[in-house]
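Read through the structure below, which is laid out as structure tokens, and then see the notes.
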Amino acid sequence: MSRSKGRYFNNHRGRAHGARWNAGEESEEAGPSRTYGEQGGRGRGHGRGGRRGGPPEGLRGRDIGMWYAARGRAKKAAAEIRNRPVVGMEPEHEKHIRTLLDDVQKQRSEEEQQESNEVKPRRNPRDEQYHSFYQHPLTQDPELDKRLRLELEAKQADNRQYKDMQEFRKKLPSYNMRHELLRLINENQVVVISGETGCGKTTQVPQFILDHHVERGQGSTCRVVCTQPRRISAISVAERVACERAEPCGNGNSTGYQIRLEARLPRQQGCIMYCTNGILLKWLETDQLLQSVSHVVLDEVHERDIISDFLLVILKDVLPKRPKLKVILMSATLNAELFSEYFGSCPMTNIPGFTFPVLEYWLEDVLQMTKYKPPEQREKREPIWMKFRRGKRYREDELKKEQEFKEKFNGYIKEISTTYPEEVVYYLQNMDHEKMDIDMVSTIIRHICLNKAEGAILVFLPGWEQISKLNDLLTQQQMFRNANFRIIPLHSMMPTVNQRQVFERPPPGVRKIIIATNIAETSITIDDVVYVVNLGRVKERNFDVANNLSTLKPEWVSVAAARQRRGRAGRVQPGECYHLYNQLKASMLTDYQLPEMLRTPLDELCLQIKSLKLGRVHDFIQKALQQPDPRAVDLALESLVQMNALDDREKLTPLGYHLARLPVSPTIGRMILFGAMFCCLDPILTVAASLSFKDPFVIPLGKEKMADAQRKLIAEDTYSDHLMLVNAVAGWEDARDHGRGAESDYCWRNFMSVTTLKMLDNMKTQFCEHLASIGFVEGKSSKQRSANRNSGNRQLIKAILCSGLYPNVAQVRQNSFNRREGKYRPAKIVTPQDGRVKIHPKSVNCDQSHFPSNWILYHLKMKSSDVFLHDTTAVEPYPLLFFGGKIGVTSEDGVEAITVDDHIKFSAPARIAHLVKDLRSELDKLLKQKINQPGMTCWGQDTKEGRIMQAIIDLITTQEDHSQSDW
DNA sequence: GAGCACTGC
């Protein structure tokens, strides 16, 4: 890390004397420090007339308690005012800003006489260019038809590879149904095709459609788009299909793919294009009726991700306007009917799957075969305070399910008593069925290893904690500590140190044991798995509408997920699956996981709806397959209005227009636009890419502490996860420039993933291209000089972060030295909505007892075992004043203050407060205008924008971070 | 004192 230090950031320490953080310290400005003195006296004078410091004479019983409570409140309020940061200003700044505002106002009155009309955002000139490939509606080309047909006939006649592949294809279950499938598709506008993995629907159906057109001499009128929920599947399926057609993938051949930042395009007509769901959604921005497509195949619709559900609604609307468009939905068998009903009971057909049989066992069988004795359930009493905790509604649902389980339990026990031995029934009766028993997992693994034939074992656990625990349990046992076992933990955050080990078939006599999250359910496929152990849980993100809070908790898997897991055992030979829950639980699992649209905040979705001009948001969402809570829509709309993406009539603002086109969430989009305007592009793009994709850090199992420490080192004294990230990525760039060796060395030392870093780097370029097309920057490199003149200014970067992350601000209650413990305690963190929250232990700020400021920004707040802020940046007053919410100037008990959205308060003399407020209002006007008429920022002192923006930067910059100097 | 998984011209 050492080389990268200070690459961007000038250290401003020691220059500050404008703002003071701790009011206890004498300030050069007279006002604030005097008010502190007055405040200090106020609390003490309260109990006048009584015993010294005690309640007044004559108070009895309860009243004494009330008196103390009142005094406590008053003391607290006084302390709050005392601890308010003070916003000050150097005299020369004040003078400068006054002149500036005068000038600007004079200029404005002149301008207003000249022009006063609304400025429309200019249409993105590159929209057309991007989509040129798909722009034109398909038109028949007889020449091409003929050529395509001859080509296909020639291949069928004597292309060796093609004919070999044909033999293989003929064995797929879907191949036998070719004619029926084509008939259904021809006769109907919408068809649902269901089938389990291995039936070949994804690879075959698009080919049937294309070949059918080509054979009839209609090849040029066919363009099949087949969407996938995941990038990897889009690529691998496209490559597979190209191979079956004896062609290279993309490059103007019949088959290609497009995913974010990567494309291998097929020819324009007579082609099959595999892409991610997101790509199809992006096309709709410029081709609303999908004029350029003849067939849309939506694959894996049963997974119900938010984009796929969204596409369904849009397609349903498009169908009547495009009578020739064919839509084919491909789903798992379990809920194919749901989709058929949604499209007016359109025809369905099922393709039988082809996988090897998998023998299933449940908890009852596992207890019997292993003789494992699960710990008996201790009597559980819920503490009374639990009732009053947040999320009561949620708990009620849980209790209902528990209740149902209890009711059915006796009947179930009676039933199994006839088939299972007495001990097993006893244990089932007395164990805690909600507990995640890792000892049992270890026992069944041992059992398989000792008694079963060769074959890899795949274990599904909900998360890091359980993976870590099981890994420890196994490696502690003598039996597993030799070369005959390969234990491989698999988690998206763990480095795949030896990726080949995961997929490689081990030598005979060696057993592979993979301990995974649901990453192995769909994303990673390991062919030689014969045994699956399913603990039956999955961590699930949810959205608690009542509390406007995202949650992440372990939940029971769905029937569909359990099936998917089971299927992982039968890919190459018959397999076995051990579910570690009882058959009653198995019968009570929900068929499917709740669709993502009902589990997630809807800000981005609502913005997309407006951007695609799909009407009123509520009306549109009402048309979804399953409607989210209307309150979730309201929350999203409120947040979009607050960030000025929508106006109060739900109309897209110019800012909203730009935000909808950036491939990131609206908050991150704001950050990107402001970063470009203020010319600290590269660091802001680093943060934006990382927040919207994932951070580039990996954590090896067992080295969590080391990784934490390393990140803290990289953070230096920034008190910011976001700036730490900027440092880390800048360090990587340095290392990369010194060659492959230096790069991998750097990543190894700092626990970073080269793959993720490269992805982030490409994303940054993509953002830049977009900004360039709007006109905010010149070139497509995030490093361009003109857009980075302020990239070394930490304080400004924090301010730009604030422009995006606001109103995600928490208050820090600094903690004083605790004499008894002899140390500083961690600071208390509070948000207005949630009360006390915690900084996530992964954050570089988590153990801090002191911050340079009373306020921290965060991107993600999520409730798991507690409410955690996952990534944080301590932020000083000026960023909040210029890039936060509405500014107010107030006076409480004679203490003058400047406020942001009424609840973030800073002490400031009214003179300064009004000056700041006026300057802020000029900035808002300026930014609005820049959004309306995008262009490079002119920094010269002869331009209005240059003067205003520079004045603000100067104020932000001189406000020192007091991390070292002030306490 | 802790990190399910995806996705975007």
Side-chain angles (χ1 to χ4, degrees), chain A residues 124 126-135 227-234 258-263 265 275-287 300 303-308 310-311 460-468 490-494 516-524 537-542 550-555 557 561 564 593 596 599-600 604-605 607-608 660-665 668-669 689 692-695 697-699 701 704-705 707-708 759 762-763 766-767 769-770 773 826 838-843 846-847 860 862 864-866 868 870-871:
Chain A
N124 187 341
R126 289 181 58 168
D127 275 358
E128 288 77 19
Q129 190 184 325
Y130 285 130
H131 294 276
S132 59
F133 185 88
Y134 313 98
Q135 272 290 299
T227 73
Q228 297 291 318
R230 281 168 295 282
R231 292 160 55 89
I232 312 170
S233 34
Q258 186 176 359
I259 57 177
R260 183 179 194 175
L261 302 172
E262 213 182 310
L265 301 178
C275 65
T276 43
N277 290 332
I279 297 278
L280 184 61
L281 189 58
K282 278 284 164 191
W283 289 356
L284 283 161
E285 277 174 13
T286 44
D287 183 6
E300 318 274 17
E303 286 188 19
R304 306 296 305 277
D305 67 271
I306 191 162
I307 308 181
S308 150
F310 188 29
L311 286 172
F460 285 104
L461 298 179
W464 184 283
E465 191 191 331
Q466 294 79 18
I467 292 176
S468 173
L490 209 58
H491 186 289
S492 68
M493 267 185 254
M494 288 175 193
T517 60
N518 54 347
I519 195 169
E521 218 172 82
T522 49
S523 310
I524 292 179
R537 314 299 180 90
V538 60
K539 280 209 183 172
E540 198 174 273
R541 254 188 106 144
N542 251 302
S550 288
T551 59
L552 182 69
K553 285 181 180 167
E555 303 283 351
V557 291
Q564 179 70 22
Q593 193 188 28
E596 194 188 1
R599 297 188 287 117
T600 175
E604 224 177 321
L605 183 75
L607 189 64
Q608 295 287 349
R661 268 156 184 76
L662 279 165
V664 288
S665 70
I668 292 169
S692 75
F693 178 48
K694 63 175 173 184
D695 80 43
F697 295 99
V698 290
I699 307 164
L701 200 55
E704 294 90 339
K705 292 274 183 289
D708 287 350
M759 181 76 187
N762 289 332
M763 288 172 70
Q766 189 195 15
F767 297 152
E769 285 172 3
H770 193 95
S773 78
K838 286 184 180 157
I839 293 179
H840 195 276
K842 201 186 170 188
S843 165
C846 78
D847 283 329
L860 182 64
M862 197 154 61
S864 44
S865 60
D866 212 323
F868 287 109
H870 281 241
D871 48 308

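Convention: sequence-line order gives letters A, B, ...; per-chain numbering from 1. Computation of the quantities below employed the complete heavy-atom set of this structure, encompassing side-chain atoms and omitting hydrogens, waters and symmetry-equivalent molecules.
To the nearest angstrom, P of dA5(B) lies 12 Å from CZ of Phe693(A). The separation between Asp305(A) atom CG and dC4(B) atom C1' is 15 Å, rounded to whole Å. Phe697(A) places its CZ atom 17 Å from the C1' atom of dA2(B), with the value rounded to the nearest Å. Atom-to-atom, CG of Leu461(A) to C1' of dA5(B) comes out at 15 Å; the value is rounded to the nearest Å. Rounded to an integer number of Å, the gap from Leu311(A) CG to dT7(B) P is 15 Å. Atom CD1 of Ile232(A) is separated from atom P of dG8(B) by 11 Å (rounded to the nearest Å). As rounded to whole Å, 18 Å separates atom C1' of dA5(B) from atom CZ of Arg537(A). Following rounding to the nearest Å, Ile467(A) (CD1) and dA2(B) (C1') show an atom-to-atom distance of 13 Å.
Taking Asn518(A) as the reference, Glu521(A), Val538(A), Arg565(A) meet the side chain to side chain contact (heavy atoms under 4.5 Å, CB included) condition, with sequence neighbours excluded. Remark: Phe697(A) engages no residue in a ring pair (Phe, Tyr, Trp, His ring centres under 6.0 Å) (not counting sequence neighbours).
Residue Lys539(A) places no side-chain N or O under 4.0 Å from the OP1 or OP2 atom of dA5(B). The side chain of Ser523(A) places an N or O atom within less than 4.0 Å of a non-bridging phosphate oxygen (OP1 or OP2) of dC6(B). Remark: Arg231(A) is in phosphate contact with dG8(B), judged by side-chain N or O atoms under 4.0 Å from OP1 or OP2. Distances shorter than 4.0 Å separate none of the side-chain N or O atoms of Ser492(A) from OP1 or OP2 on dC4(B). The phosphate of dG3(B) (OP1 or OP2) has no side-chain N or O of His491(A) nearer than 4.0 angstrom. Look at Ser865(A) and you'll find a side-chain N or O under 4.0 angstrom from OP1 or OP2 of dA2(B).
The minimum heavy-atom distance between His491(A) and Thr517(A), with the atom names listed, is CD2-CG2, 3.5 Å. The minimum heavy-atom distance between Trp464(A) and Ile699(A), with the atom names listed, is CH2-O, 3.0 Å.
Using a 4.0 Å heavy-atom cutoff across all strands shown, Asp695(A) reaches no nucleic acid atom at all. Within the 4.0 angstrom heavy-atom criterion, no nucleotide atom of any strand lies near Lys694(A). Backbone-only contact: Arg230(A) has heavy atoms under 4.0 Å from sugar-phosphate atoms and none from a base. Across all strands shown, Leu552(A) has heavy atoms under 4.0 Å from base atoms, whether or not it also approaches the sugar-phosphate. Using a 4.0 Å heavy-atom criterion, one finds that Thr522(A) contacts no nucleic acid atom at all. Using a 4.0 Å heavy-atom cutoff across all strands shown, Asn518(A) reaches at least one base atom of the nucleic acid. Using a 4.0 Å heavy-atom distance criterion, Gln593(A) is classed as making no nucleic acid contact. In this structure, Ile306(A) reaches neither bases nor backbone, as no heavy-atom distance under 4.0 Å exists between it and the strands shown. Using a 4.0 Å heavy-atom criterion, one finds that Glu303(A) contacts no nucleic acid atom at all.
Taking only side-chain atoms of His840(A), from C-beta outward, the nucleotide of dG8(B), dG3(B), dA5(B) with the closest atom is dG3(B). Comparing dA2(B), dC6(B), dG3(B) against the side chain of Pro841(A) picks out dA2(B) as the nearest. The Thr517(A) side chain lies nearest to dA5(B) when the options are dG3(B), dG8(B), dA5(B).
Counted within 6.0 Å of CD on Glu465(A), heavy atoms from surrounding residues, nucleotides or ligands total 12 or fewer; the atom is thus considered open.
Residues Asn542(A) and Thr551(A) have side chains that never bring a donor and an acceptor to within less than 3.5 angstrom of each other.
Place Met759(A) and Ile699(A) on DNA chain B by their nearest nucleotides, and Ile699(A) ends up nearer the 5' end. For the pair Ser665(A) and Phe868(A), nearest-nucleotide mapping onto DNA chain B gives the more 5' position to Phe868(A).
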Evaluate Arg537(A) against Gln466(A) for side chain to side chain donor-acceptor pair (under 3.5 Å), listing each step before the verdict. CA-CA 11 Å; Arg537(A) 314 299 180 90; Gln466(A) 294 79 18; over 6 Å; no
